[in-house]
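Every heavy atom of this structure was used, including side-chain atoms; hydrogens, water molecules and symmetry mates were not.
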Amino acid sequence: MTDEFFYGVTLSSSHQSETWDPEAKAEYPRSNKLVIRQALLGPDAKPDELNVIQVEAMSLQEAVKLPVAVLKVGESRHVRLDIEFPDAPVTFTLVQGSGPVHLIGHHLLGALLEEFEDMEEMEEEMLDEEEGDDSQFKEDENKRKGAGKRKPNEDEDNEEGEPKGKKAKMSNNAKGKAASPKKNAKK
């Protein structure tokens, strides 16, 4: 189960950079994910000034620095981002302009590792119980199979979809033989 919290940061000329790194501050080991939904200019942003937000995050092999938003009063006061960062740290920097630029999103916390360990133990116990239940079921099923072995039914269908009994009778008739008399016929 995950917990979801609001995340927001404001970048300006007086506060140009912010690093999201919950793992460095965490008291309990949990998985973290940051989702940035939107970047928007504050109401006191300077007209005709470009505000460029850059993000630095880890890729598969190395750190990557890329601009994620370019905002300008009169052209674009906000941009929808929907960017997910599964690994910390992530650094947001106002590389051009004086802002203020607000980044808004969600911080998702995974379950505590202790909870995962408890869940694994519970799953193992449940599997052990199910195996015990299954073995009892199999024993009962084997007893039933051994007690009443049934004979193949003449009226069952064969591979061609025809009843076995009828095919046998037809093949006898085709050879010119009469159908066999019933064993329990009255005399």
Side-chain angles (χ1 to χ4, degrees), residues 1-138 140-141:
M1 180 171 310
T2 61
D3 295 320
E4 184 173 325
F5 298 95
F6 176 79
Y7 177 83
V9 64
T10 300
L11 303 175
S12 64
S13 56
S14 62
H15 183 74
Q16 291 184 327
S17 184
E18 178 72 27
T19 299
W20 175 76
D21 192 2
E23 294 172 1
K25 302 173 188 172
E27 294 178 23
Y28 303 103
R30 296 180 87 163
S31 60
N32 291 277
K33 181 191 262 189
L34 180 65
V35 180
I36 298 296
R37 298 278 186 210
Q38 185 171 230
L40 57 111
L41 280 173
D44 47 342
K46 295 178 184 174
D48 299 325
E49 179 181 66
L50 282 178
N51 292 277
V52 180
I53 303 297
Q54 173 183 285
V55 67
E56 180 179 357
M58 283 302 296
S59 69
L60 184 59
Q61 297 177 355
E62 60 187 27
V64 176
K65 290 183 182 182
L66 293 170
V68 292
V70 178
L71 303 168
K72 184 177 180 183
V73 173
E75 290 182 19
S76 58
R77 289 194 72 90
H78 72 90
V79 64
R80 184 171 172 83
L81 295 174
D82 276 337
I83 302 174
E84 295 184 11
F85 299 98
D87 298 314
V90 178
T91 302
F92 301 99
T93 307
L94 182 61
V95 293
Q96 184 177 337
S98 57
V101 177
H102 307 284
L103 299 173
I104 300 166
H106 302 280
H107 179 182
L108 304 172
L109 289 172
L112 291 171
L113 291 180
E114 294 170 356
E115 291 176 14
F116 284 120
E117 291 170 358
D118 291 343
M119 287 174 52
E120 287 176 2
E121 289 175 10
M122 289 174 50
E123 287 175 358
E124 288 176 7
E125 289 174 6
M126 289 174 56
L127 287 174
D128 291 342
E129 289 175 4
E130 287 178 5
E131 286 177 4
D133 293 344
D134 287 347
S135 63
Q136 180 64 35
F137 175 74
K138 288 177 184 175
D140 292 345
E141 188 174 315

## Note on the structure
One should read off an interatomic distance between Arg80 CZ and Gln38 CD, to the nearest 0.5 angstrom, of 7.5 Å
### Task
Answer yes or no: is there a side-chain heavy-atom contact under 4.5 Å between Asn32 and Trp20?
yes
### Task
Please assess Leu41 against Val101 for the test side chain to side chain contact (heavy atoms under 4.5 Å, CB included), listing each intermediate value before the final yes or no.
CA-CA 5 Å; Leu41 280 173; Val101 177; 3.8 Å; yes
### Message
Could you check whether any side-chain heavy atom of Phe92 comes within less than 4.5 Å of a side-chain heavy atom of Ile36, counting everything from C-beta outward?
### Response
yes
#### Entry: Smallest separation among heavy atoms of Leu40 and His78, with atom names
CB-CB, 3.5 Å
### Val55 and Val90: CA distance, side-chain angles, deciding distance, side chain to side chain contact (heavy atoms under 4.5 Å, CB included) verdict
CA-CA 7 Å; Val55 67; Val90 178; 3.5 Å; yes
### Task
Drop me the distance from Asp82's CG to Glu84's CD, to the nearest 0.5 angstrom.
8.0 Å
### Summary
When every non-hydrogen atom of Tyr7 is compared with those of His107, the smallest separation belongs to CB-N, 4.1 Å
#### Entry: Between OG1 on residue Thr19 and CD on residue Glu56, distance to nearest 0.5 Å
8.0 Å
#### Entry: Ala69 versus Val79, closest heavy-atom pair with distance
CB-CG1, 3.7 Å
### Query
Donor-acceptor pair, Asn51 side chain versus Gly99 backbone, under 3.5 Å?
yes
### Task
Mind listing the closest non-hydrogen atom pair of Ser17 and Thr93 along with its distance?
OG-OG1, 3.5 Å
### Query
More than 12 foreign heavy atoms under 6.0 Å from NE2 of His15: is that the case here?
yes
#### Entry: Residue pair Arg77 / Pro43: nearest heavy atoms and the distance that separates them
NH2-CA, 3.4 Å
#### Entry: Residue pair Gly8 / Phe6: nearest heavy atoms and the distance that separates them
N-CE2, 4.0 Å
### Query
Out of curiosity, His106 NE2 to Glu4 CD, how far, rounded to the nearest 0.5 Å?
5.0 Å
### Message
Could you go through Leu11 and Leu103, starting from their C-alpha distance and side-chain angles, then the distance that decides it, and tell me whether this counts as side chain to side chain contact (heavy atoms under 4.5 Å, CB included)?
### Response
CA-CA 8 Å; Leu11 303 175; Leu103 299 173; 4.2 Å; yes
### Query
Can you find a heavy atom in the side chain of Pro100 that is under 4.5 Å from one in the side chain of Asp44?
yes
### Task
Nearest 0.5 Å please: distance from the OG1 atom of Thr10 over to the CG atom of Leu94.
11.0 Å
### Query
If you measure from CG on Leu50 to OG on Ser98, what distance do you get to the nearest 0.5 Å?
11.0 Å
### Message
Determine whether a donor-acceptor pair (N or O, by modelled atom type, separation under 3.5 Å) exists between the side chain of Arg37 and the backbone of Ile83.
### Response
no
